[in-house]
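Everything numeric here is computed off the predicted structure, so don't read it as measured data. Below, read A as the first sequence line, B as the second, and so on, with proteins coming before strands; counting in each chain starts at 1.
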Amino acid sequence: MAEILEKVYDPQRIEAKWYTFWEAQGLFSARADGARPPYCIVIPPPNITGSLHMGHALNNTLQDILIRYQRMAGCDALWMPGTDHAGIATQNVVERMLAKEGTDRHHLGRQAFIERVWRWKAESGGAIINQLKRLGCSCDWSRERFTMDEGLSRAVREVFVRLYEEGLIYKGDYIINWCPRCQTALADLEVEHEPTDGYLYFIKYPLADREGFITVATTRPETLLGDTAVAVNPDDPRYLAYHGASLRLPILGRKIPLITDPHVAPEFGTGALKVTPAHDLHDFEIAQRWHLPAVKALDEEGLMTEAAGKYQGLDRFTCREKILKDLKHDGLLEKMEHHSHAVGHCYRCRAVVEPMISKQWFVAVKTLAEPAIVAVEDGRLKLIPEAWEKSFFDWMTNIRDWCISRQIWWGHRIPAWTCQACGQVIVPRQDPSTCPVCGAADLVQETDVLDTWFSSALWPFSTLGWPDDTPELRLFYPTSVLVTAFDILFFWVARMMMMGLHVMGDVPFREVYIHALVRDPEGQKMSKSKGNIIDPLELMDKYGTDAFRFSLAAFAAMGRDIRLSEERIIGYRNFVNKVWNASRFTLMNLGDYDPGRADALPLSMVESWMVSRLQQVITETVGHLKAYDFDQAAHVLYQFTWHEFCDWYLELLKPELAEGAAPVARHHTQRLLVEVLSAVLRLLHPFMPFITEEIWHKLPGAKESIMTAPYPAADPSLNHPAAEAEMGLVMQSIVAVRNMRAEMNVPPASLVNILMYSQEPAILDKLQSHQRAIRLLARVQDLQFQPEGEPPAAAAKAVVMAPDGGSLDLIMPLTGLIDYKEEARRLNREMDKLSRELAGVQKKLANEDFLAKAPEEVVSREKERLQNLNEKLSKLKSHEKRLKTLLA
RNA sequence: AGGCACGUAGCUCAGGGGGAGAGCACCACCUUGACGCGGUGGGGGUCCGGGGUUCAAAUCCCCGCGUGCCUACCA
């Protein structure tokens, strides 16, 4: 005897139970035995400092849908989970804790500090993992990795050494972005540009060997102290006479050359650019072309150096004020203009970033970028949606060398040693004890650590066991798809592509599905500072995880950002409840059902229709899933489940299941009902894993888990166009009667009589065979079928065109029911609608070009439409005429 | 400055060359033995504006307006 469910689905009770069950049964574990086709997704590893936000929720829901689908579809599906050590972010978190305790990392020392971070990680670094479990993520937790665990650190070491040996990693002086607050270099991507109001200062640089001066424009006058040239565009006519001249640097009096460089834009400012190689990227590049010296005027703490002369030791912003004052005094400040420009800020601490020349480690990225560009060009790696390819190519072709050293402590320490005796730099696979050149034992290791993204770039193969040759690596690399938002496309995805292609010789994933960003209901990006964060955990508490997941999937239309609307989540919560109640109804009618009993009855037309529709829904759902059209998959399942399975199939079934139905027929009905419900549950499982598992276990004959049940596959032999046409006719007829009733204000409780006229015997036959359903669903008492007849004038009338040809008149005698004016109004509304449609079709068919040039099937479809409309309209018109005689 | 999206029902959004769609909201009716987180029926649209291509444009192209995002060294 099947258990009866509660009236309203209560997610809280159910969810934890099944997650525990799945884990205990090992259902998330990939086998990696090669027995089934592999399918693999590596998770974008969340930061250990993180907690689940909307972006994670969407990202991981989509991945889980894919993984659960592929697993049920017969793949050995591996969802590789793990977390990222998040160098700067984590170090900042722990440093803030230390500050509260009144100490700092320098007091602790490097070793103790790192131990402290590990301890913090052990205590609170796993919070997000539990939140992912709440979401239902079916990651293979037995394989969980961490970017700083032993194996991944070995991968980092190996890649670093290899690239160094290949000359693709080098240490050099270069302009980097320096955060004076974090005291570390930042990669270009880690700098956020914010429009800032400031001034453009016009400063006169006197000529050294003749009268006059050249005026330069700058936003950072304090960098003047590091100028080693002034540059103009070689073609700028204003300065032709000055080519080769020398200038006196204001205040310091240093003699600097006037040079020409095509980089200089004549239209900006005065067309003359002060060149500060140590504190500006482009100036640095100009300096390299001209072999100019670099003078460092600013130090790592943002204070002026001794090269700044009397300004030494001043803060950069104080120095700016002083210099302006002095320039004014000397009459060298020509003018100031308001100027708004983008100022770089540290993405971690918001401090103003200072471009600065510095000795750092770099990856020569051009060599690595080229194969990644080619891989996308030739389709070995697909970006979905394709629109991202343009941005990708733009970025990859303009990419600069990647600064990978960070002056922090938490991370992979750069495996480079310098021999104090002979100066030799060693980058070995094993920690060295003596210098291989001179044999000295006095080796000092590099203190910098690697950029966090260096280890993340190896994620697709390091997590699978590389550098060891593991079965997982052989089976699952390249992985199937990477699911991510575009905001880390370049931080992460591009770098994985470069590293994967270089180290593994193949793309890290065949496809990248780039989903939208989740915004608040007003379309704003969610951020702590705006205070518009919506916590996914709260929504899960409120509406249940299944409803939340289904909503995210339904929101995930490609190429458009998501505005999270709680109202829509409520809508999908209702859908989840609908699924629950449809199952409840089913189970309530299975009391006497014996799944083992044979059933030789053929499918009824209703059943054939349902089965046929199911095949189409399966095809559509699978198609949408394969194309990453999550919203469409969700929509198809929603419409089918609610408006076909529940609204029609279950309603049509009720009489078959009622008391007094023949046991054999009843059993047959039950069997198909269970089958269809089972398919619906399996189709929905990837979207709503918890409720489907709960119901699954209550279905007769169900065993194990819905996770191990096969995903429905469409069987084309079950398509049944005739059943669909027949049921289409029946449903249209029922709707037409309901419509007349409602428009005539016939109370739902009272029964009506209906006459059905048709010249087509087949139509009447079909309807006759469904008369019990029609009576029940349209609430009809006396139902008569006739080829034609003299219907009473006092009647409401509707015309239905059968999907496979022929027409049907539905007549509802009104005697004693209501006044005829109402019916006349209803008819006029209906006829208006038809006339408008008819006019459009007539216009089209009157066009000779249309007849001549449009495809034949389009023309014949329009002709058929015209005929149908005409027929329907004339029938309604004649009825209206007769009705009018009654009114007169 | 450049690039990329987007503008469809009151709201949130699908669709994407041949009959304007969904959900919510709205109106009317309904204690129908699965479900009121429900049922039945209904109203509602110059598909931003203007040109063009086409037999046919909400859909493709161009221009404009509006919105959002990304990139950039304009000192």
Now, which nucleotide makes the Watson-Crick or G-U wobble pair with G44(B), with each of the two distances under 3.5 Å?
none
Ion pair present between D592(A) and R666(A), side-chain N to carboxylate O less than 4.0 angstrom?
yes
Watson-Crick/G-U partner (both atom distances under 3.5 Å) of G23(B):
C11(B)
Are any side-chain N or O atoms of T276(A) and backbone N or O atoms of A278(A), one a donor and one an acceptor, separated by less than 3.5 Å?
no
Take S391(A) and L650(A), find for each the nucleotide of RNA chain B with the closest heavy atom, and name the residue whose nucleotide sits nearer the 5' end.
S391(A)
How far does the P atom of G3(B) sit from the matching atom of A58(B), given to the nearest Å?
28 Å
Complementary nucleotide of C55(B), counting Watson-Crick and G-U pairs under 3.5 Å
G18(B)
What residues form a salt bridge (charged side-chain N to carboxylate O under 4.0 Å, His left out) with E389(A), not counting sequence neighbours?
none
Touch class at under 4.0 angstrom, heavy-atom based, for N398(A) against every strand present
nothing
Taking 4.0 Å as the cut-off, does a side-chain nitrogen or oxygen of W642(A) come that near to OP1 or OP2 on G39(B)?
yes
If you check the D631(A) side chain, which of A75(B), A14(B), U40(B) turns out closest?
A14(B)
Within the structure, does a side-chain N or O atom of K578(A) lie under 4.0 Å from either OP1 or OP2 of C35(B)?
no
Any donor-acceptor pair under 3.5 Å from N581(A) side chain to K7(A) backbone
yes
Distance check: side-chain N/O of R738(A) vs OP1/OP2 of G41(B), anything under 4.0 Å?
yes
May I ask you to verify if any side-chain N or O of N577(A) is less than 4.0 angstrom from the OP1 or OP2 atom of G38(B)?
no
Taking atom C1' in both G51(B) and C13(B), what distance in whole Å separates the two?
29 Å
F550(A) ring center near Y572(A) ring center (under 6.0 Å):
yes
State the pairing partner of C35(B); accept Watson-Crick or G-U wobble contacts with both distances under 3.5 Å, and report none otherwise.
none
Can you give me the closest heavy-atom contact between V636(A) and E620(A), atom names plus distance?
CG2-OE1, 3.5 Å
Using a cut-off of less than 4.0 Å, is there contact between a side-chain N or O of Q632(A) and OP1 or OP2 of G15(B)?
yes
Residues from residues 829-839 of chain A lying under 4.0 Å of RNA chain B - heavy atoms
K833(A), E837(A)
Watson-Crick or G-U wobble partner of C70(B), both distances under 3.5 Å:
G2(B)
Aromatic ring proximity Y174(A)/F284(A), centre distance under 6.0 Å:
yes
Pairing nucleotide - G49(B), Watson-Crick or G-U, each distance under 3.5 Å:
C63(B)
In whole angstrom, give me the gap between the C1' atoms of G10(B) and C70(B).
32 Å
Quick one: the side chain of E651(A) and the base of A34(B), do they pair up donor-acceptor inside 3.5 Å?
yes
Are the side chain of R772(A) and the backbone N or O of E656(A) linked by a donor-acceptor pair below 3.5 Å?
no
Over-ring placement of K654(A) relative to F585(A), 6.0 Å and 45° cut-offs:
yes
If you go through the side-chain atoms of K390(A), does one of them form a donor-acceptor pair with the base of C4(B) closer than 3.5 Å?
no
Base, sugar-phosphate, or nothing: which does V841(A) touch, judged by heavy atoms less than 4.0 Å apart?
nothing
Considering all heavy atoms of both residues, which atom of R549(A) and which atom of F687(A) are nearest to each other, and what is their separation?
NE-O, 3.2 Å
Ignoring hydrogens and angles, are the base of C24(B) and the side chain of R568(A) linked by a donor-acceptor pair under 3.5 Å?
no
List every contact pair, protein side and nucleotides 54-59 of chain B side both N or O, where the distance is under 3.5 Å.
unit_1	atom_1	unit_2	atom_2	d
C55(B)	OP1	K853(A)	NZ	2.7
C55(B)	O2'	N847(A)	ND2	2.7

